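Sequential numbering from 1 along the given sequence is applied to the chain's residues. This structure is a prediction, so every number in the text was calculated from the model and none was measured. Just so it is clear, the values below take in all heavy atoms, side chains as well, and ignore hydrogens, waters and symmetry mates.
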Amino acid sequence: MPAFSTEQMVSLFKLISALGGEKGLIRQTEFFAYSDKDRKAIEKCKELNLRFPEITAWIRADKQDIKMIEELEIKETGVLMSCSDYHIFKKLKLSKEKAIKKYLDIAECVLERGITLRCHFEDITRADIKGFVIPLINELNKLANSNLSSVKFRLCDTLGVGLPSESSAQPRGVPDLLKELYCNTDISAERLEWHGHNDFYKAVINGTSAWMHGVSAVNCTLLGIGERTGNIPLEAMLFEYASLKGTFNGANINVISEIRNYFIDKIKYNLPENTPFVGNNFNTTKAGIHADGLLKGGDIYNSYDTYKFLNSKPRVCLNKTSGKAGIAYWINSYYNLSNGISKEHPIVGIIYEYINSEYENNSRLSYINDMEITALINKTGWDFSNE
């Protein structure tokens with residue numbers, strides 16, 4: 001999608017802060033700092049004096065970029081350190097020894113200025129772990145110790161080829177990869193984070209596997225938007241966190257819906273309707289049997305209270321398969337009826353006949369929209385105030 005404007009970055013920063021809550025479940029966020037627009041956004045976000053998320057930066061393995069970080073007084077920056085043979089030999093056209101030296105040179109320039117270094121190990125799931133990654137980590141740790149500075153490591157599944165199973169071998173197997181790092185380096189969970197892509201639909205499960213096997217943080221993007229098939233959706237990992245911990249730990253989960261509305265209304269982002277948690281139809285049923293279940297009990301076909309957590313009541317979409325139960329549920333939901341009507345209610349029969357006529361006599365293919373149903377109800381003069 002197009003890059004965010006300065007105004008959009010500031011607005012989203014405030015929404016992310018509200019979503020993560022005062023405990024900072026969303027701990028950090030990352031900015032580029034190359035353009036005037038980006039630097040202006042950083043300054044405006046800093047002026048908000050929000051504790052979370054902490055503002056960090058991303059720079060290339062280029063000493064010229066460090067000056068920008070110093071001028072902006074940013075305390076932590078990521079540095080790209082491509083580590084697979086594909087990147088080292090084909091992109092950088094270096095030997096492994098020269099690649100390590102290049103990365104150590106830029107790392108020293110960052111660390112000697114007292115800036116926390118976050119090493120972005122690009123394409124680690126296709127890398128030589130024993131022959132390149134582990135030696136690089138050990139050298140970076142020595143460098144950090146000599147400069148009395150901190151170094152962190154971002155493990156990037158750049159092409160989404162990681163596998164969550166304990167039976168899968170490194171570099172692709174996430175548990176085995178992390179075991180290898182823990183056994184052969186002086187590393188701790190708080191200095192490790194996972195960065196995943198969704199090329200094989202494994203972004204969320206690989207992020208969870210990384211959490212379960214020793215990383216403290218998972219990188220996410222809003223609505224999962226990112227390169228190619230996208231990254232790990234922030235909203236998905238918030239629910240994943242709650243599933244694992246039994247709490248949202250102070251996060252204001254309803255802000256997810258505000259973020260979703262901002263993308264649709266302000267940025268004009270075309271969000272697929274069936275996207276979990278945020279799509280228009282994430283809690284909308286189109287099957288009559290499901291609507292009948294919802295009418296008898298909301299928890300029959302709804303796995304959690306979507307109104308409590310996302311400020312979105314379960315809905316039904318009326319079509320030829322909705323049946324009378326679907327119509328009754330639609331009326332109860334749309335008009336917010338406290339007691340509710342049953343599928344035997346007279347108005348349900350009127351609407352049912354109308355829908356059948358549309359599909360059978362008029363060969364309709366599209367769904368029945370809300371405006372049609374409300375117009376039909378208004379035409380009958382039915383008043384739900386006493387229901």
Side-chain angles (χ1 to χ4, degrees), residues 1-4 12 15-16 19-20 25-30 32 53 58 78 80 82-84 86-87 118 120-127 153-178 192-244 251 253 256-257 259-260 262-264 267 269-283 303 310:
M1 62 180 298
F4 297 132
L12 289 171
L15 285 168
I16 292 170
L19 175 60
L25 189 57
I26 303 173
R27 197 164 65 210
Q28 295 177 312
T29 189
E30 186 174 79
F32 289 116
W58 185 102
L80 183 63
S82 306
C83 60
S84 74
Y86 297 97
H87 286 256
R118 187 176 60 244
H120 295 186
F121 283 179
E122 184 182 23
D123 207 21
I124 196 170
T125 46
R126 297 196 302 167
F153 302 97
R154 171 178 292 181
L155 311 179
C156 305
D157 184 19
T158 305
L159 294 183
V161 299
L163 298 169
S165 171
E166 293 185 359
S167 63
S168 300
Q170 50 98 354
R172 290 182 66 188
V174 177
D176 196 45
L177 167 62
L178 288 165
L192 276 178
E193 58 186 57
W194 180 261
H195 180 97
H197 285 256
N198 203 34
D199 296 74
F200 292 92
Y201 274 117
K202 290 187 173 66
V204 172
I205 189 61
N206 280 335
T208 303
S209 181
W211 257 345
M212 298 297 288
H213 291 88
V215 306
S216 67
V218 172
N219 299 159
C220 302
T221 63
L222 296 173
L223 312 185
I225 296 168
E227 176 78 355
R228 301 184 312 278
T229 56
N231 294 83
I232 303 173
L234 175 60
E235 59 278 8
M237 292 314 286
L238 286 169
F239 275 90
E240 194 76 356
Y241 177 92
S243 297
L244 293 169
I253 212 69
I256 288 174
S257 297
I259 291 171
R260 172 249 187 207
Y262 187 87
F263 269 87
I264 293 173
I267 303 178
Y269 181 69
N270 185 21
L271 181 63
E273 291 187 337
N274 63 340
T275 306
F277 307 123
V278 290
N280 279 338
N281 290 336
F282 86 92
N283 62 344
S303 57
L310 295 170

Can Phe239 and Ile256 be said to form a side-chain contact (heavy atoms from CB on, under 4.5 Å), step by step?
-> CA-CA 11 Å; Phe239 275 90; Ile256 288 174; 4.0 Å; yes
Separation between CD1 of Ile124 and CG of Leu177, rounded to the nearest 0.5 Å | 5.0 Å
Do you know which two heavy atoms are closest between Asn231 and His195, and how far apart they sit?
-> ND2-NE2, 3.5 Å
Dump the intermediate steps for side-chain contact (heavy atoms from CB on, under 4.5 Å) on Val174 and His213, then the final yes or no.
-> CA-CA 8 Å; Val174 177; His213 291 88; 5.7 Å; no
Distance-minimising heavy-atom pair for Gly207 and Val218 = O-CG2, 3.6 Å
With side chains defined as the heavy atoms from C-beta onward, is the minimum distance between Phe282 and Thr275 less than 4.5 Å?
-> no
If you measure from CG on Leu192 to CG on Leu155, what distance do you get to the nearest 0.5 Å?
-> 5.5 Å
Using modelled atom types only, decide if a donor and an acceptor are shared between the side chain of Asp157 and the backbone of Gly196 within a distance under 3.5 Å.
-> no
For Leu19 and Leu238, the nearest pair of non-hydrogen atoms, with its separation, is CD2-CD1, 3.7 Å
Salt bridge (Lys or Arg N to Asp or Glu O under 4.0 Å) with Glu240: which residues, sequence neighbours excluded?
-> none
Partner set under salt bridge (Lys or Arg N to Asp or Glu O under 4.0 Å) for Asp123, not counting sequence neighbours = Arg126
Do any N or O atoms from the side chain of Ser82 and from the backbone of Glu122 form a donor-acceptor pair under 3.5 angstrom?
-> no
Working to the nearest 0.5 Å, report the span between CZ of Arg228 and CG of Asn198.
-> 10.0 Å
Electrostatic pair Glu193:Arg27 at N-O distance under 4.0 angstrom | no
Determine the minimum heavy-atom distance between Pro175 and Pro164, stating which atoms define it.
-> CG-O, 3.3 Å
Does OH belonging to Tyr269 count more than 12 external heavy atoms closer than 6.0 Å?
-> yes
Mark yes when over 12 heavy atoms from residues, nucleotides or ligands other than Met212 sit less than 6.0 Å from its CE; otherwise mark no.
-> no
Check: Thr158 and Cys156 side chains under 4.5 Å, non-hydrogen atoms | yes
Ser209 OG to Leu178 CG distance, which is reported to the nearest 0.5 Å = 7.5 Å
Heavy-atom pair of closest approach, residues Thr125 and Arg172 | O-CG, 3.4 Å
So do Ile267 and Met1 actually touch side chain to side chain, heavy atoms under 4.5 Å?
-> yes
Student check: side-chain heavy atoms of Met237 and Thr208 closer than 4.5 Å | yes
Do Phe263 and Val278 come within less than 4.5 Å of each other through their side chains, counting heavy atoms only?
-> no
Check: Tyr201 and Thr229 side chains under 4.5 Å, non-hydrogen atoms = no
Separation of Tyr241 OH from Leu234 CG (nearest 0.5 Å) | 13.5 Å
How many angstroms lie between atom NE2 of His197 and atom OG1 of Thr221, to the nearest 0.5 angstrom?
-> 9.0 Å
Are the side chain of Asn206 and the backbone N or O of Gly162 linked by a donor-acceptor pair below 3.5 Å?
-> yes
